[in-house]
2 protein chains.
Amino acid sequence: MDLKQALSLLKKNGYKYTDKRELMLNLFQKEGRYLTAKEILDYMQAKFPGLSFDTVYRNLSLFERLGILEGTEWDGERRYRIHCNKDHHHHMICTDCGKTKLLHICPMNGILGEPDDFEITGHKFEIYGLCAECNGNNKATKSFTSNR
Amino acid sequence: MDLKQALSLLKKNGYKYTDKRELMLNLFQKEGRYLTAKEILDYMQAKFPGLSFDTVYRNLSLFERLGILEGTEWDGERRYRIHCNKDHHHHMICTDCGKTKLLHICPMNGILGEPDDFEITGHKFEIYGLCAECNGNNKATKSFTSNR
DNA sequence: TAGTAAATCGTAACTATTACGTTTTATTAA
DNA sequence: TTAATAAAACGTAATAGTTACGATTTACTA
(Lines give C-alpha, C1' and ligand atoms only; values in the text may rest on other atoms or scores of the structure.)
Protein backbone atom coordinates (compact mmCIF):
# COMPACT_ATOMS: atom_id res chain seq x y z
CA MET A 1 0.00 0.00 0.00
CA ASP A 2 1.52 3.29 -1.06
CA LEU A 3 0.26 6.86 -0.83
CA LYS A 4 -1.24 6.88 -4.30
CA GLN A 5 -3.36 3.84 -3.54
CA ALA A 6 -4.40 5.25 -0.18
CA LEU A 7 -5.36 8.53 -1.80
CA SER A 8 -7.57 6.92 -4.39
CA LEU A 9 -9.17 4.73 -1.75
CA LEU A 10 -10.08 7.79 0.27
CA LYS A 11 -11.41 9.61 -2.79
CA LYS A 12 -13.36 6.61 -4.01
CA ASN A 13 -15.14 6.36 -0.69
CA GLY A 14 -15.95 10.03 -0.41
CA TYR A 15 -13.41 10.98 2.22
CA LYS A 16 -11.37 14.12 2.14
CA TYR A 17 -7.65 14.40 1.66
CA THR A 18 -6.30 16.62 4.40
CA ASP A 19 -2.79 17.65 5.30
CA LYS A 20 -3.10 15.74 8.58
CA ARG A 21 -4.03 12.55 6.79
CA GLU A 22 -1.20 13.06 4.35
CA LEU A 23 1.33 13.47 7.14
CA MET A 24 -0.05 10.47 8.96
CA LEU A 25 0.08 8.25 5.89
CA ASN A 26 3.57 9.51 5.12
CA LEU A 27 4.67 8.49 8.59
CA PHE A 28 3.33 4.97 8.19
CA GLN A 29 4.80 4.73 4.71
CA LYS A 30 8.20 5.87 5.86
CA GLU A 31 8.34 3.77 9.02
CA GLY A 32 6.78 0.58 7.71
CA ARG A 33 6.41 -0.77 11.23
CA TYR A 34 3.80 -0.95 13.96
CA LEU A 35 3.10 2.37 15.70
CA THR A 36 0.98 3.31 18.69
CA ALA A 37 -1.49 6.19 18.75
CA LYS A 38 0.83 8.00 21.14
CA GLU A 39 3.81 7.66 18.81
CA ILE A 40 1.76 8.99 15.94
CA LEU A 41 0.44 11.92 17.93
CA ASP A 42 3.92 12.85 19.18
CA TYR A 43 5.31 12.77 15.68
CA MET A 44 2.46 14.76 14.14
CA GLN A 45 2.35 17.41 16.83
CA ALA A 46 5.80 18.53 15.74
CA LYS A 47 4.10 19.86 12.59
CA PHE A 48 0.57 20.40 13.96
CA PRO A 49 0.93 21.44 17.61
CA GLY A 50 -2.80 21.44 18.33
CA LEU A 51 -3.49 18.00 16.90
CA SER A 52 -5.80 15.96 19.11
CA PHE A 53 -6.07 12.27 19.89
CA ASP A 54 -9.53 12.35 18.37
CA THR A 55 -8.02 13.00 14.96
CA VAL A 56 -5.44 10.26 15.32
CA TYR A 57 -7.85 7.61 16.53
CA ARG A 58 -10.58 8.58 14.07
CA ASN A 59 -8.20 8.30 11.17
CA LEU A 60 -6.63 5.10 12.44
CA SER A 61 -9.98 3.35 12.50
CA LEU A 62 -10.95 4.83 9.13
CA PHE A 63 -7.69 3.73 7.54
CA GLU A 64 -8.06 0.28 9.02
CA ARG A 65 -11.64 0.05 7.75
CA LEU A 66 -10.45 0.99 4.25
CA GLY A 67 -7.61 -1.51 4.38
CA ILE A 68 -4.91 1.13 4.28
CA LEU A 69 -3.60 0.06 7.67
CA GLU A 70 -3.57 -3.22 9.49
CA GLY A 71 -3.74 -3.37 13.26
CA THR A 72 -2.82 -5.64 16.10
CA GLU A 73 -2.21 -5.37 19.82
CA TRP A 74 0.43 -6.28 22.34
CA ASP A 75 1.40 -5.08 25.83
CA GLY A 76 -2.14 -3.82 26.23
CA GLU A 77 -1.84 -1.30 23.44
CA ARG A 78 -3.32 -1.21 19.99
CA ARG A 79 -0.81 -0.73 17.13
CA TYR A 80 -1.02 -0.12 13.41
CA ARG A 81 1.21 -0.42 10.38
CA ILE A 82 0.78 0.23 6.69
CA HIS A 83 -1.02 -2.67 5.09
CA CYS A 84 1.22 -5.13 3.27
CA ASN A 85 -0.15 -5.75 -0.18
CA LYS A 86 0.43 -9.47 0.15
CA ASP A 87 -2.64 -11.65 -0.20
CA HIS A 88 -2.65 -13.18 3.24
CA HIS A 89 0.25 -13.11 5.62
CA HIS A 90 1.48 -13.08 9.18
CA HIS A 91 4.28 -11.26 10.91
CA MET A 92 7.27 -11.73 13.10
CA ILE A 93 7.19 -8.61 15.25
CA CYS A 94 9.80 -6.81 17.29
CA THR A 95 7.90 -5.94 20.46
CA ASP A 96 10.35 -3.17 21.19
CA CYS A 97 10.30 -1.07 18.03
CA GLY A 98 7.42 -2.60 16.06
CA LYS A 99 9.49 -3.64 13.03
CA THR A 100 8.20 -6.71 11.24
CA LYS A 101 9.31 -9.59 9.08
CA LEU A 102 6.85 -11.20 6.73
CA LEU A 103 6.02 -14.84 7.39
CA HIS A 104 5.18 -17.00 4.44
CA ILE A 105 3.38 -19.63 6.44
CA CYS A 106 -0.24 -19.65 7.58
CA PRO A 107 -1.22 -22.23 10.19
CA MET A 108 -4.78 -22.29 8.89
CA ASN A 109 -3.53 -24.40 5.99
CA GLY A 110 -2.90 -27.13 8.50
CA ILE A 111 -6.44 -27.04 9.85
CA LEU A 112 -8.24 -29.80 8.03
CA GLY A 113 -11.84 -28.82 7.51
CA GLU A 114 -13.93 -26.61 9.72
CA PRO A 115 -15.40 -28.28 12.79
CA ASP A 116 -19.17 -28.39 12.26
CA ASP A 117 -19.93 -26.94 15.67
CA PHE A 118 -17.73 -23.87 15.41
CA GLU A 119 -17.93 -21.08 12.86
CA ILE A 120 -14.50 -19.61 12.27
CA THR A 121 -14.49 -15.84 11.87
CA GLY A 122 -10.79 -15.07 12.14
CA HIS A 123 -7.41 -16.10 13.39
CA LYS A 124 -4.18 -14.62 14.65
CA PHE A 125 -0.65 -15.87 14.27
CA GLU A 126 2.20 -13.68 15.33
CA ILE A 127 5.76 -14.36 16.42
CA TYR A 128 7.16 -11.92 18.94
CA GLY A 129 10.75 -11.12 19.68
CA LEU A 130 13.54 -8.60 19.38
CA CYS A 131 15.13 -7.42 16.18
CA ALA A 132 18.92 -7.23 15.95
CA GLU A 133 18.98 -3.51 16.66
CA CYS A 134 16.73 -3.64 19.71
CA ASN A 135 18.41 -6.76 21.01
CA GLY A 136 21.65 -4.81 21.15
CA ASN A 137 19.93 -2.23 23.37
CA ASN A 138 20.70 0.36 20.77
CA LYS A 139 18.07 2.84 21.93
CA ALA A 140 18.91 5.34 19.21
CA THR A 141 17.48 3.09 16.55
CA LYS A 142 14.02 3.27 18.05
CA SER A 143 13.41 6.91 17.22
CA PHE A 144 11.63 7.95 14.05
CA THR A 145 13.80 7.79 10.98
CA SER A 146 12.88 11.38 10.29
CA ASN A 147 14.48 12.47 13.54
CA ARG A 148 17.83 10.93 12.80
CA MET B 1 -5.11 -27.87 36.50
CA ASP B 2 -7.55 -28.72 39.26
CA LEU B 3 -8.12 -27.16 42.67
CA LYS B 4 -5.81 -29.52 44.49
CA GLN B 5 -2.91 -28.65 42.23
CA ALA B 6 -3.68 -24.94 42.52
CA LEU B 7 -3.84 -25.20 46.28
CA SER B 8 -0.47 -26.91 46.59
CA LEU B 9 1.05 -24.38 44.19
CA LEU B 10 -0.17 -21.54 46.40
CA LYS B 11 1.06 -23.25 49.56
CA LYS B 12 4.40 -24.16 48.05
CA ASN B 13 5.02 -20.53 47.14
CA GLY B 14 3.99 -19.15 50.50
CA TYR B 15 0.62 -17.72 49.51
CA LYS B 16 -2.49 -18.00 51.61
CA TYR B 17 -5.58 -19.96 50.81
CA THR B 18 -8.55 -17.65 51.29
CA ASP B 19 -12.24 -18.14 50.71
CA LYS B 20 -12.11 -15.55 47.93
CA ARG B 21 -9.37 -17.41 46.13
CA GLU B 22 -11.24 -20.64 46.59
CA LEU B 23 -14.40 -19.19 45.05
CA MET B 24 -12.44 -17.67 42.20
CA LEU B 25 -10.63 -20.89 41.39
CA ASN B 26 -13.90 -22.78 41.66
CA LEU B 27 -15.43 -20.46 39.11
CA PHE B 28 -12.61 -20.99 36.62
CA GLN B 29 -12.68 -24.73 37.28
CA LYS B 30 -16.42 -24.93 36.73
CA GLU B 31 -16.54 -22.68 33.68
CA GLY B 32 -13.41 -23.87 31.90
CA ARG B 33 -13.57 -20.93 29.53
CA TYR B 34 -12.11 -17.44 29.17
CA LEU B 35 -13.52 -14.90 31.62
CA THR B 36 -13.04 -11.15 31.98
CA ALA B 37 -12.26 -9.41 35.28
CA LYS B 38 -15.74 -7.92 35.18
CA GLU B 39 -17.41 -11.31 34.81
CA ILE B 40 -15.39 -12.65 37.71
CA LEU B 41 -16.20 -9.68 39.94
CA ASP B 42 -19.92 -9.87 39.16
CA TYR B 43 -20.02 -13.55 39.95
CA MET B 44 -18.04 -13.25 43.16
CA GLN B 45 -19.92 -10.24 44.48
CA ALA B 46 -22.99 -12.45 44.79
CA LYS B 47 -21.20 -14.15 47.65
CA PHE B 48 -18.88 -11.33 48.73
CA PRO B 49 -20.74 -8.04 48.14
CA GLY B 50 -17.80 -5.83 49.08
CA LEU B 51 -15.27 -7.54 46.85
CA SER B 52 -13.08 -5.08 45.00
CA PHE B 53 -11.44 -5.12 41.60
CA ASP B 54 -8.10 -4.94 43.35
CA THR B 55 -8.64 -8.43 44.72
CA VAL B 56 -9.71 -9.83 41.37
CA TYR B 57 -6.84 -8.31 39.40
CA ARG B 58 -4.24 -9.09 42.03
CA ASN B 59 -5.25 -12.72 42.13
CA LEU B 60 -5.54 -12.96 38.36
CA SER B 61 -1.95 -11.87 37.90
CA LEU B 62 -0.79 -14.08 40.77
CA PHE B 63 -2.57 -17.11 39.36
CA GLU B 64 -1.15 -16.42 35.92
CA ARG B 65 2.34 -16.06 37.37
CA LEU B 66 1.98 -19.40 39.11
CA GLY B 67 0.67 -21.08 35.97
CA ILE B 68 -2.78 -21.73 37.44
CA LEU B 69 -4.42 -19.56 34.82
CA GLU B 70 -3.54 -18.70 31.25
CA GLY B 71 -4.48 -15.37 29.75
CA THR B 72 -5.10 -13.79 26.40
CA GLU B 73 -6.85 -10.73 25.02
CA TRP B 74 -9.47 -9.87 22.45
CA ASP B 75 -11.89 -6.98 21.89
CA GLY B 76 -9.58 -4.82 23.95
CA GLU B 77 -10.09 -6.81 27.12
CA ARG B 78 -7.82 -9.18 28.95
CA ARG B 79 -9.27 -12.66 29.64
CA TYR B 80 -8.24 -15.69 31.65
CA ARG B 81 -9.07 -19.36 31.80
CA ILE B 82 -7.89 -22.26 33.92
CA HIS B 83 -4.58 -23.53 32.58
CA CYS B 84 -4.83 -26.62 30.41
CA ASN B 85 -2.34 -29.19 31.63
CA LYS B 86 -1.25 -29.94 28.08
CA ASP B 87 2.43 -29.36 27.31
CA HIS B 88 2.02 -26.69 24.67
CA HIS B 89 -1.17 -25.89 22.91
CA HIS B 90 -3.32 -23.33 21.17
CA HIS B 91 -7.01 -22.62 21.22
CA MET B 92 -10.01 -22.14 19.04
CA ILE B 93 -11.98 -19.52 20.96
CA CYS B 94 -15.62 -18.46 20.92
CA THR B 95 -15.35 -14.68 21.07
CA ASP B 96 -18.87 -14.49 22.43
CA CYS B 97 -18.78 -16.75 25.48
CA GLY B 98 -15.07 -17.57 25.78
CA LYS B 99 -15.43 -21.31 25.39
CA THR B 100 -12.45 -23.02 23.80
CA LYS B 101 -11.43 -26.05 21.78
CA LEU B 102 -7.93 -27.38 22.06
CA LEU B 103 -5.81 -27.26 18.91
CA HIS B 104 -3.24 -29.97 18.43
CA ILE B 105 -1.19 -28.01 15.95
CA CYS B 106 1.52 -25.45 16.61
CA PRO B 107 2.68 -23.32 13.69
CA MET B 108 6.11 -22.90 15.24
CA ASN B 109 6.90 -26.44 14.15
CA GLY B 110 6.80 -25.16 10.60
CA ILE B 111 9.30 -22.41 11.25
CA LEU B 112 12.60 -23.79 10.05
CA GLY B 113 15.37 -22.44 12.20
CA GLU B 114 15.47 -19.11 13.91
CA PRO B 115 16.49 -16.15 11.77
CA ASP B 116 19.85 -15.00 13.05
CA ASP B 117 18.78 -11.38 13.25
CA PHE B 118 15.67 -11.88 15.35
CA GLU B 119 15.44 -13.39 18.81
CA ILE B 120 12.07 -15.08 19.27
CA THR B 121 10.54 -14.56 22.70
CA GLY B 122 7.01 -15.80 22.14
CA HIS B 123 4.20 -16.42 19.73
CA LYS B 124 0.44 -16.42 19.53
CA PHE B 125 -1.87 -18.58 17.48
CA GLU B 126 -5.57 -18.41 18.10
CA ILE B 127 -8.60 -19.18 15.97
CA TYR B 128 -11.63 -17.04 16.68
CA GLY B 129 -15.25 -17.77 15.97
CA LEU B 130 -18.63 -18.67 17.39
CA CYS B 131 -19.49 -21.89 19.12
CA ALA B 132 -22.71 -23.69 18.19
CA GLU B 133 -24.63 -22.24 21.13
CA CYS B 134 -23.59 -18.63 20.56
CA ASN B 135 -24.05 -18.94 16.82
CA GLY B 136 -27.70 -19.75 17.44
CA ASN B 137 -28.02 -16.49 19.35
CA ASN B 138 -29.02 -18.48 22.37
CA LYS B 139 -28.21 -15.79 24.89
CA ALA B 140 -29.23 -17.94 27.85
CA THR B 141 -26.24 -20.19 27.38
CA LYS B 142 -23.86 -17.36 28.06
CA SER B 143 -24.70 -17.01 31.72
CA PHE B 144 -22.69 -18.78 34.38
CA THR B 145 -23.50 -22.44 34.68
CA SER B 146 -24.14 -21.85 38.34
CA ASN B 147 -26.95 -19.45 37.52
CA ARG B 148 -28.82 -21.84 35.28
C1' DT C 1 -17.55 31.52 -5.01
C1' DA C 2 -21.16 29.91 -1.96
C1' DG C 3 -23.05 25.91 0.16
C1' DT C 4 -22.45 21.71 2.66
C1' DA C 5 -20.76 17.77 4.40
C1' DA C 6 -16.76 16.10 6.51
C1' DA C 7 -12.67 16.86 9.44
C1' DT C 8 -10.62 18.78 13.26
C1' DC C 9 -10.32 21.06 17.78
C1' DG C 10 -10.68 21.17 22.55
C1' DT C 11 -12.10 18.77 26.00
C1' DA C 12 -14.73 15.57 28.62
C1' DA C 13 -16.24 10.97 29.46
C1' DC C 14 -15.60 6.21 29.63
C1' DT C 15 -13.36 1.69 30.41
C1' DA C 16 -9.90 -1.30 31.87
C1' DT C 17 -6.29 -1.65 34.88
C1' DT C 18 -3.08 -0.50 38.56
C1' DA C 19 -1.80 1.54 42.99
C1' DC C 20 -1.91 2.45 47.92
C1' DG C 21 -2.79 3.31 52.88
C1' DT C 22 -5.58 1.02 56.20
C1' DT C 23 -7.84 -2.85 58.07
C1' DT C 24 -8.68 -7.66 58.28
C1' DT C 25 -7.31 -12.39 58.08
C1' DA C 26 -4.59 -16.82 57.52
C1' DT C 27 -0.71 -18.86 59.08
C1' DT C 28 3.03 -19.92 62.24
C1' DA C 29 5.14 -20.66 66.40
C1' DA C 30 5.41 -19.97 71.31
C1' DT D 1 -4.83 -21.51 72.36
C1' DT D 2 -3.13 -17.41 71.59
C1' DA D 3 0.05 -13.82 70.07
C1' DA D 4 2.88 -12.27 66.34
C1' DT D 5 3.35 -11.23 61.56
C1' DA D 6 3.09 -11.30 56.95
C1' DA D 7 -0.15 -11.49 53.35
C1' DA D 8 -4.83 -10.45 51.58
C1' DA D 9 -8.58 -7.66 51.08
C1' DC D 10 -11.05 -3.25 51.41
C1' DG D 11 -12.14 1.20 49.84
C1' DT D 12 -10.94 4.28 46.93
C1' DA D 13 -8.09 7.01 43.94
C1' DA D 14 -5.06 7.36 40.07
C1' DT D 15 -3.50 6.16 35.56
C1' DA D 16 -3.62 4.90 30.67
C1' DG D 17 -5.80 4.03 26.51
C1' DT D 18 -9.66 4.96 23.92
C1' DT D 19 -14.04 7.00 22.55
C1' DA D 20 -17.42 10.75 22.30
C1' DC D 21 -19.31 15.32 21.31
C1' DG D 22 -20.56 20.21 20.47
C1' DA D 23 -18.40 24.00 18.16
C1' DT D 24 -15.45 25.51 14.60
C1' DT D 25 -12.78 25.04 10.49
C1' DT D 26 -11.84 23.12 6.08
C1' DA D 27 -12.09 20.45 1.61
C1' DC D 28 -14.88 19.58 -1.93
C1' DT D 29 -18.67 20.44 -5.24
C1' DA D 30 -21.99 22.67 -7.94
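Each chain gets a letter, A, B and so on, in the order the sequences are listed, and its residues count up from 1.
- Closest approach of Gly32(B) and Thr100(B) over heavy atoms only: O-OG1, 4.3 Å.
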Stepwise side chain to side chain contact (heavy atoms under 4.5 Å, CB included) check, Thr72(B) with Glu70(B): CA-CA 7 Å; Thr72(B) 190; Glu70(B) 52 186 297; over 6 Å; no
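- Comparing the axis of the opening five pairs of the helix from dT1(C)-dA30(D) to dA30(C)-dT1(D) with that of the closing five pairs yields an angle of 30°, rounded to 10°.
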Protein-to-nucleotide contact annotation, 5' to 3' order, nucleotides 4-10 of chain C [B base; S sugar-phosphate only; - none; under 4.0 Å, heavy atom]: -BBSBBB
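- One N or O on the side chain of Gln45(A) and one on the backbone of Leu51(A) form a donor-acceptor pair closer than 3.5 Å.
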Candidate pair Leu9(A) and Phe63(A), rule side chain to side chain contact (heavy atoms under 4.5 Å, CB included), full reasoning: CA-CA 9 Å; Leu9(A) 257 171; Phe63(A) 292 163; over 6 Å; no
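- Nearest approach of Val56(A) to Met24(A), heavy atoms of both residues: O-CE, 3.6 Å.
- Taking the salt bridge (charged side-chain N to carboxylate O under 4.0 Å, His left out) definition, one finds that Glu77(A) meets it with Arg79(A), sequence neighbours left out.
- A salt bridge does not link Lys47(B) with Glu22(B): none of the charged nitrogens is closer than 4.0 Å to a carboxylate oxygen.
- No side-chain heavy atom of Leu7(B) sits less than 4.5 Å from a side-chain heavy atom of Leu25(B).
- Residues from residues 1-13 of chain B placing a heavy atom under 4.0 Å of any atom in DNA chain C do not occur.
- Across the protein-nucleic acid pair, Tyr57(A) atom OH and dT11(C) atom P stand 18 Å apart, rounded to whole Å.
- Each of Gly76(B) and Phe53(A) lies near DNA chain C, and the nucleotide nearest Phe53(A) is the one positioned closer to the 5' end.
- Put simply, CZ on Arg78(A) is 16 Å from C1' on dT15(C), counting in whole angstrom units.
- Residues satisfying the salt bridge (charged side-chain N to carboxylate O under 4.0 Å, His left out) test with Lys11(B), not counting sequence neighbours, are none.
- For Arg33(B) (side chain) and Cys97(B) (main-chain N/O), a donor-acceptor pair under 3.5 Å exists by modelled atom type.
- Judged purely by atom type and a 3.5 angstrom limit, Glu64(A) has no side-chain atom pairing as donor or acceptor with the backbone of Gly67(A).
- Figure legend: Lys20(A) and Phe48(A) shown as a cation-pi pair, the cationic atom lying under 6.0 angstrom from the six-membered ring centre and within 45 degrees of its axis.
- Taking the 5' to 3' direction, DNA chain D first and last meets chain A under 4.0 angstrom from a heavy atom at dG17(D) to dC28(D).
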From CA spacing to verdict: side chain to side chain contact (heavy atoms under 4.5 Å, CB included), Glu39(A), Leu27(A): CA-CA 10 Å; Glu39(A) 282 180 297; Leu27(A) 174 63; over 6 Å; no
